[in-house]
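A short write-up of the structure that comes next.
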Amino acid sequence: METAEFIETIRRDGTLLADAAERAGLEGAVPPCPDWRVRDLVLHQGIVHRWATRFVAEGRMRPEPIAAGTPADDAELLGWFRDGHERLVSALESAPPDLECWHFLRADSPLGFWARRQAHETAVHRVDAEIAAGRAPTAVDPVFAADGIDELLTGFHARSKSRVRNEAPGTLRVRAVDLPAERGDWLAHVSADPLVVEHAVEDDADCTVSGTAADLYLALWNRAPYEKLEVTGDSSLLELWRRTGAIT
């Protein structure tokens, strides 16, 4: 996907998140994140948006804590969120293509990284807000969903921080049935080390989980149940993922 497409997704999903949070009320429960109320969700996403904006707008070259000033009055919270969301979108749109700044996953460019990361960050938490409001989540585009699966598998879980480890090696295939293999097929090698992931290879897998890209995206990011997915082979590998790889 192009950087401009990610920015447009941030614009849309940030607005949907705020609207859903307003419908749900700040005391509403957030089922995918049992320890949170909607207030916590809005605060978290608003802080993250401001954190990301600092790197993009100011070209900061070193990692910094995820922190930002927050409003003392709940009545100001959604306005504060919307303001930070608009600032992020504006910073990304006005940043030069050759922007240099800190980022924490492999990417073609720092600007591309921040647009992609904040698009998926905002999309996942938009789903949280919509679920909190008692509504079915807005549909996720298959190509965007596949990109988010790729970021999760080849980005987050290729890092040393990943807990998806197993002393007994095994392979887990993730297959999006509504996309061609080159865009929607991943073979993850699970071992005592971080995941090693191959794309669109024909090797057999110990376990295969398949479904639409959107259903896989929401399930693997811990935002939807696995009932819509088809699982074949050694299901213990999928259970390992559910215990250690789900993002809350």
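Residues take their numbers from the sequence shown, with the count starting at 1.
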Do Cys33 and Asp128 come within less than 4.5 Å of each other through their side chains, counting heavy atoms only?
-> yes
Heavy-atom closest pair (Val38 atom, Ala29 atom, distance to 0.1 Å) is CG2-O, 4.4 Å
Where Ala115 and Ile7 come nearest, the two heavy atoms and their spacing = CB-CG1, 4.2 Å
Donor-acceptor contacts, no H, no angles, side chain residues 98-111, under 3.5 Å, sequence neighbours left out:
residue, atom, partner, partner atom, Å
His103, ND1, Cys101, O, 3.3
Ser109, OG, Gly112, N, 2.9

With sequence neighbours excluded, residues passing ring pair (Phe, Tyr, Trp, His ring centres under 6.0 Å) with His189 | none
Taking only residues two or more places apart in sequence, or in another chain, which ones meet Arg82 in a salt bridge (charged side-chain N to carboxylate O under 4.0 Å, His left out)?
-> Asp19, Glu22
Would you call Asp150 and Arg116 a salt bridge, using N to O less than 4.0 angstrom?
-> yes
Set of residues satisfying side-chain hydrogen bond (donor to acceptor under 3.5 Å, both in side chains) with respect to Arg117, sequence neighbours excluded = Glu121, Glu151
Sub-3.5 Å donor-acceptor pair from the side chain of Arg37 to the main-chain atoms of Glu27, do we have one?
-> yes
Hits for salt bridge (charged side-chain N to carboxylate O under 4.0 Å, His left out) against Glu58, two or more places apart or cross-chain, chain-then-number order -> Arg60
Would you check if the side chain of Arg242 reaches a backbone N or O of Asn222 as a donor-acceptor pair within less than 3.5 Å?
-> no
Please step through side chain to side chain contact (heavy atoms under 4.5 Å, CB included) for the pair Thr122 and Thr9, ending with a clear verdict.
-> CA-CA 8 Å; Thr122 307; Thr9 299; over 6 Å; no
Taking the six-membered ring for Trp and the full ring for Phe, Tyr or His, determine whether the centres of His44 and Trp36 are under 6.0 Å apart.
-> yes
Pairs touching residues 132-146 that satisfy side-chain hydrogen bond (donor to acceptor under 3.5 Å, both in side chains), sequence neighbours left out = Glu130-Thr138
Residues two or more places apart in sequence or in another chain: which of them pass ring pair (Phe, Tyr, Trp, His ring centres under 6.0 Å) with His85?
-> His49
Are any side-chain N or O atoms of Trp221 and backbone N or O atoms of Gly148, one a donor and one an acceptor, separated by less than 3.5 Å?
-> yes
Can any side-chain N or O of Thr171 pair as donor or acceptor with the backbone N or O of Asp206 at less than 3.5 Å?
-> yes
Pair Asp193 + Arg165: basic N to acidic O under 4.0 Å = no
Can you name the nearest heavy-atom pair linking Asp178 to Ala213, along with the distance?
-> OD1-N, 2.9 Å
Nearest heavy atoms of Pro225 and Ala219, plus distance in Å | O-CB, 4.0 Å
Taking only residues two or more places apart in sequence or in another chain, which ones pass ring pair (Phe, Tyr, Trp, His ring centres under 6.0 Å) with Trp51?
-> Phe55, Trp114
Output, in order, the C-alpha distance, side-chain angles, deciding distance and verdict of side chain to side chain contact (heavy atoms under 4.5 Å, CB included) for Phe81 and Leu17.
-> CA-CA 10 Å; Phe81 170 83; Leu17 189 162; 3.9 Å; yes
Grab the two heavy atoms, one from Tyr226 and one from Leu238, that are nearest each other, plus how far apart they are.
-> CE2-CD1, 3.6 Å
Arg54: what forms a salt bridge (charged side-chain N to carboxylate O under 4.0 Å, His left out) with it, not counting sequence neighbours?
-> Glu64
Residues which pass ring pair (Phe, Tyr, Trp, His ring centres under 6.0 Å) with Trp241, listed by chain and number, not counting sequence neighbours = His157
Sequence-distant partners of Arg11, salt bridge (charged side-chain N to carboxylate O under 4.0 Å, His left out), two or more places apart | Glu8, Glu93
With a 4.5 Å heavy-atom cut-off, do Phe6 and Gln118 have their side chains touching?
-> no
Note: Asp83-Arg50 ion pair, threshold 4.0 Å (strictly below) | yes
Considering non-hydrogen atoms only, spot the tightest contact between Arg39 and Asp74 and give its length.
-> NH2-OD2, 2.6 Å
Could you tell me which residues satisfy side chain to side chain contact (heavy atoms under 4.5 Å, CB included) with Thr244, sequence neighbours excluded, listed by chain and number?
-> Arg163, Val164, Leu240
From CA spacing to verdict: side chain to side chain contact (heavy atoms under 4.5 Å, CB included), Leu216, Leu229 = CA-CA 7 Å; Leu216 286 165; Leu229 307 179; 3.9 Å; yes
Stepwise side chain to side chain contact (heavy atoms under 4.5 Å, CB included) check, Val48 with His125 = CA-CA 11 Å; Val48 169; His125 287 311; over 6 Å; no
